[in-house]
Amino acid sequence: MTVSANRGEGPPNIFLFLCEKPGMATERYNPRTSEPRWQKAWEEARLFETSNEDERPTYYVLEMFPYPSGRIHIGHTRNYTMGDVVARYKRAKGFNVLHPMGWDAFGMPAENAAMQNKVQPKEWTYQTIAVMRDQLKMMGLSLDWSREFATCDVDYYHRQQMLFLDFHEKGLVTRKTSKVNWDPVDRTVLANEQVIDGRGWRSGALVESRELAQWFFKITDYSEDLLEALDGLEGWPEKVRLMQRNWIGRSEGLSIRWPLVEDTAPHGEQELEVYTTRPDTIFGASFMAIAADHPLARKAAEGNAELAAFVEECRRVGTSAAVLETAEKKGFDTGIRVRHPFDPEWTLPVYVANFVLMEYGTGAIFGCPSGDQRDLDFARKYGLPVVPVVMPEGADAATFQIADEAYSDDGVMINSRFLDGLSNDEAFEEVAKQLEHETLSGRPVAERKVNFRLRDWGISRQRYWGCPIPMIHCDACGVVPVPKEDLPVKLPDDIDFEKPGNPLDRHPTWRHVKCPQCSADARRETDTMDTFVDSSWYFVRFTAPHAETPTERDVANRWLPVDQYIGGIEHAILHLLYSRFFTRGMRETGHLDFAEPFKGLFTQGMVVHETYRAEDGRWLAPSEVRIDTSGEGRKAFEVATGREVTVGSLEKMSKSKKNTVSPEEITESFGADTARWFMLSDSPPDRDVEWTDDGAAGAHRFIQRVWRLVGEAAPAIADVTPAAARDGGAAPISKAAHKALKVVEEDIEQLAFNRAIARIHQLANELQAPFGTLAEADRATRSAAREAVEILIHLIAPFMPHLAEECWAAIGGEGLVSASAWPQYDPALVVDDLIVLPVQINGKKRGDLTIAREADQAAVEKAVLALDFVQKALNGASPRRVIVVPNRIVNVVA
RNA sequence: GCGGGUGUGGCGGAACUGGUAGACGCGACGGAUUCAAAAUCCGUUUCUGGUGACAGAGUGUCGGUUCGAGUCCGACCACCCGCACCA
């Protein structure tokens, strides 16, 4: 019977067993005393402080910096451990490694905490950072803390304001009105993600769609560049590149101007411009649809109360995706008619439709029901004609019909006059060619146009805890930039959070300034920047964190792009796209000389845990649950009540489901090395890993095993110099070590940490038996053993640095293993002289052949045919074929 | 709807460009050590049949290419993720 305590009673008290048996040399490894000692040793040696003057080749490894939300959680731990393994490995390989850490410290949670706890956001944030910094330090990460900063440091946002002004000067910043989600209770703009079912996520108020003057970065100037450069980002996951491609959303089409029928048009309006990617379907058009915000819709609504009501209704529905998704497709006939560009006699109605977006294309479309499902639904609803114009190749034009499903694939043109019989691609060209040459009031009727889905980046937030936008509003001079010498625009510290809305607006003095141009009374911009701005260049700042200017150009050029960036897939689009834009902007403004910030990108999986739920629906934390495996299957019981609880699915660790295990719980019981080792074991790093107590215990078991292996070998290898054994009885020891060294190296280079760990396990297994008799072994064997132990220690060092140091010290190694060079494997030792070839008969494995590695094909064939089981299978006949794949396999075809 | 990914023992997962399927770990079972336990060590562990050597089956399903398929091709099924009134 096994009843395992699942956290509730605390971890098994392993520290009581400092000495296992009287007379036995090896004590158990005690991470609680060992880990802090080595952390201190590293710090005193300033081992991880990186110098910009170091001449060696650079390697920049960076993990996405954390938001100081309260405590480090286990997901952070996994992320930073991965980066740390790479950093420590590259350092051992002789690179000058930059591995910094900082804090993405502006944002709403600090304001929320301020409102709830009556502390200033600044105070709360720095307190939180202090706690989290200590937690990170417990992990034994090889970080250069001398470069640490938080984005809310005045020093940092000062330089960000400098960048903003430079961007502004270069024309990369613009101010325009745009539609936003406005929460009327909290009196602030909400991001789309913050609108849930049309309501503000905090206030629960119905969100309004409002027009507001906002600051924007002109990321769309770079649409084409940002898209094309994705092809060159070979160190990025294809998935992320694809997501960015889709997000940028390039499409090629035609912008076509349709003349309005004079007596139906509002005064002064003569034409309607639409964008289409399918000009080939122009003879299938049966209606025009325009956005509710389209100028023509507004004008038409002026004299039409019913239409005005419809337009108002569309606007109220809001802009959030969730609302749009469920809204029924509706239209309203404006009474306006347009003439077909190829046939002045043919007129089509203009509808205002709730599914047309003002933000994309021209805010107007022509509807071709036969070729677009949405248009088809619309046409059926309002009784509009449906004329098929493209049919699949081989279909019969006379009988081809559209019923409930539109045909949007490629095909052959029908019912399209001069286009009939062409492919739809040819028809596209033909329509474009003709309309480009026709004119309407002196200009071409149509123009080829490339459209992007990407929109400019709105950075205005009506918040306090963010980087102030360094602009001033003057009644006389308009919007005036704050002169650089007046920077930084500092956030005030005395802030009142009693009322909703932006506290900067209400501050008694902060916003009142003199206009830098005319010295009249003027007002500061009270919007602050989106926190994504802060994270769009922090990786550059790390290269010269104390510089007066935002960057030191040469230093930035030397370190960047980041060789290996590691973080969550959730940032695949926004953060990474913004950073790519920002880097381009910084190049434009002379702060650096490259376009792409991240050469290698790795997106790691989440840490997940089972969920537990009591009968009454309460979520239970792992520490409140006892797991019982004594009966049939696993059962879980609530510790407090003894009642059985439901074991639920694996979920990302979250407070709401209480399925969290904190990094402290682990480090305090098993130590940081166990957490690090377990986190990278088993699951590939880009997939989710399930945190289990058994797994953690297993990782800790391995630590003790390595410690014992090294400790027991130590006396026998103390007085020998390390040397590989090429032949003789000790050769297997050296071969095992060198093979492992080669493979682990390759695995780490590929970030295949789970495979590297499996290989290290294997090496420990292979050393186990020969090390049992080491005390009586000859000198050559002990030399080989010493070398193997040193290799083993180097292999575990990136993963379990504390244990590695302790082992290094135990064998009398010189200095710190964290500061020593990676060993080199001997190519002669990673190949075997004798190889075992599997032998197949008709593709099924029937046995093995052991033969010299150099044996040629003929020799192999001869040896194979001489094998008992082969002769038996052939039964005297000669084989039809013998396939010998050198050093791989032999297949005899009978 | 569009785009992408994944599917291998009881579980997490290995398997480089087609070449011994199941490395390594977890769990389980058996044994050693112990007065007993903890810890540790040794062994077994894809399934079916057989005491056994061995035989047969087996990488979501069906089919194909090949001397040989987890890997390549075609169709399908399931799950996961991203985007989505994009004209």
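Treat the numbers as computed from the prediction; the structure is a model and nothing was measured. Throughout, a chain's letter reflects where its sequence line sits, starting with A, and its residues are numbered from 1.
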Q) Hey, does A:Val839 reach any base, or is it just sugar-phosphate, or nothing, if we go heavy atoms under 4.0 Å? A) nothing
Q: Can you tell me, in whole Å, how much space there is between the C1' of B:G27 and that of B:U33?
A: 23 Å
**Q.** Among A:Lys381, A:Arg380, A:Gln373, side-chain hydrogen bond (donor to acceptor under 3.5 Å, both in side chains) partner for A:Asp377
**A.** A:Gln373
Q) Within less than 4.0 Å of OP1 or OP2 of B:C86, is there a side-chain N or O belonging to A:Arg374? A) yes
Q) Out of B:C26, B:C83, B:C24, which nucleotide sits closest to the side chain of A:Ile573? A) B:C83
Q) Just to confirm, is there a sub-4.0 Å distance from OP1 or OP2 of B:U20 to any side-chain nitrogen or oxygen of A:Arg846? A) no
Q. Does OP1 or OP2 of B:A84 have a side-chain N or O of A:Arg453 closer than 4.0 Å?
A. yes
Q) Under the side chain to side chain donor-acceptor pair (under 3.5 Å) rule, what pairs show up with a residue in residues 750-764 of chain A, not counting sequence neighbours? A) A:Asp747-A:Arg755, A:Gln750-A:Arg755
Q: Give the rounded distance in Å between these two atoms: CE of A:Met243 and C1' of B:A84.
A: 13 Å
Q: Report the nucleotide, chosen from B:C67, B:G19, B:A87, that has the shortest atom-to-atom distance to any side-chain atom of A:Tyr275.
A: B:A87
Q.
Rounding to an integer number of angstrom, what distance separates B:A23 and B:A75 when you compare their C1' atoms?
A. 34 Å
Q) Which nucleotide in the set B:A14, B:C81, B:C85 lies at the smallest distance from any side-chain heavy atom of A:Lys239? A) B:C81
**Q.** Neighbour count above 12 (heavy atom, 6.0 Å) for A:Asp868 CG
**A.** no
Q: Examine B:A21: is either OP1 or OP2 under 4.0 Å from a nitrogen or oxygen in the side chain of A:Lys844? Give yes or no.
A: no
Q.
Give me the distance, rounded to whole Å, that separates B:A55 from B:G43 when you measure between the C1' atoms they each carry.
A. 25 Å
Q.
Tell me whether A:Arg880 at atom CZ has more than 12 heavy atoms from other residues, nucleotides or ligands lying less than 6.0 Å away.
A. no
**Q.** Whole-Å gap separating C1' (B:G82) and CD1 (A:Ile248)
**A.** 15 Å
Q: Take A:Arg245 and A:Glu238 through the test salt bridge (Lys or Arg N to Asp or Glu O under 4.0 Å) and record every step on the way to the result.
A: CA-CA 10 Å; A:Arg245 250 177 230 128; A:Glu238 187 50 41; 3.3 Å; yes
Q: Quick one: sort the A:Tyr382 and A:Phe378 rings into parallel, tilted or perpendicular, breaks at 30° and 60°.
A: tilted
Q. Considering only side-chain heavy atoms of A:Val885, which listed nucleotide, B:C85, B:G19, B:A87, is closest?
A. B:G19
Q | A:Glu447 atom CD, neighbour heavy-atom count above 12 within 6.0 Å | A | no
(Q) Let's see if you get this right: which residues in residues 677-690 of chain A place a heavy atom under 4.0 Å from RNA chain B? (A) A:Asp682, A:Ser683, A:Pro684, A:Arg687
Q | Whole-angstrom distance between B:G52 and B:A15, as gauged at atom C1' | A | 31 Å
Q: Return the nearest nucleotide to the side chain of A:Leu242; candidates are B:G3, B:U40, B:U20.
A: B:G3
**Q.** Under-4.0 Å side-chain N/O to phosphate OP1/OP2 contact, A:Tyr360 with B:A87
**A.** yes
Q: Could you give the distance separating B:G13 and B:G22 at their C1' atoms, to the nearest angstrom?
A: 10 Å
Q: Check every strand shown and say whether A:Arg455 touches a base, only sugar-phosphate, or nothing at a heavy-atom separation below 4.0 Å.
A: base
Q: Select base, sugar-phosphate, or nothing to describe what A:Ile883 touches, counting heavy atoms under 4.0 Å on all strands.
A: base
**Q.** Six-ring centre of A:Trp247, A:Arg453 cation under 6.0 angstrom, axis tolerance 45°
**A.** yes
**Q.** hbond_proxy A:Asp694 side chain to B:C26 base (donor-acceptor, 3.5 Å cutoff)
**A.** no
Q) If you measure from the C1' atom in B:G1 to the same atom in B:U20, how many Å do you get, rounded? A) 46 Å
Q | Whole-Å gap separating C1' (B:A39) and CD (A:Gln704) | A | 10 Å
Q: Taking atom C1' in both B:G4 and B:G58, compute the distance separating them and give it to the nearest angstrom.
A: 30 Å
Q: State which of B:C67, B:U20, B:U40 makes the closest approach to the side chain of A:Lys845.
A: B:U20
Q | For B:C62, the Watson-Crick or wobble counterpart (both distances under 3.5 Å) | A | B:G74
**Q.** Closest listed nucleotide, where the reference is the side chain of A:Phe355 and the choices are B:A15, B:C67, B:C85
**A.** B:C85
Q: Step through it carefully: locate the ring centre of A:Phe283, locate the ring centre of A:His340, and say whether they are under 6.0 Å apart.
A: yes
Q.
At 4.0 Å (heavy atoms only), tell me whether A:Gln762 reaches a base, stays on the sugar-phosphate, or touches nothing.
A. sugar-phosphate
Q: For A:Asn754, answer base if it contacts any base atom (sugar-phosphate contacts may also be present), sugar-phosphate if it contacts only those atoms, and nothing otherwise; contact means non-hydrogen atoms under 4.0 Å.
A: sugar-phosphate
Q. Which of these nucleotides, B:U40, B:A15, B:G19, is closest to any side-chain atom of A:Arg701?
A. B:U40
Q. Looking across every strand, which nucleic acid part, if any, lies under 4.0 Å from A:Gln768 by heavy atom: base, sugar-phosphate, or nothing?
A. sugar-phosphate
Q. Between A:Asn246 and B:C2, does any side-chain N or O lie under 4.0 Å from OP1 or OP2?
A. no
Q.
Looking at B:A55, which nucleotide sits across from it as a Watson-Crick or G-U wobble partner, both distances under 3.5 angstrom, or is there none?
A. B:U48
Q.
Would B:G31 be called syn or anti here, given the cut-off of 90° from 0?
A. anti
Q. OP1, OP2 of B:G25 versus side-chain N and O of A:Asn765: anything below 4.0 Å?
A. yes
Q) Using a cut-off of 4.0 Å on non-hydrogen atoms, how would the nucleic acid contact of A:Arg705 be classed: base, sugar-phosphate, or nothing? A) sugar-phosphate
**Q.** Euclidean distance for P, B:G7 against B:A14 (whole angstrom)
**A.** 9 Å
Q: Can you tell me the pairing partner of B:G43 across any strand shown, Watson-Crick or G-U wobble, with both distances under 3.5 angstrom?
A: B:C29
Q: Assess the pair A:Trp691 and A:Phe678: is the distance between their ring centroids shorter than 6.0 Å?
A: yes
Q. Of the nucleotides B:C67, B:C86, B:C83, which has the atom closest to the A:Leu357 side chain?
A. B:C86
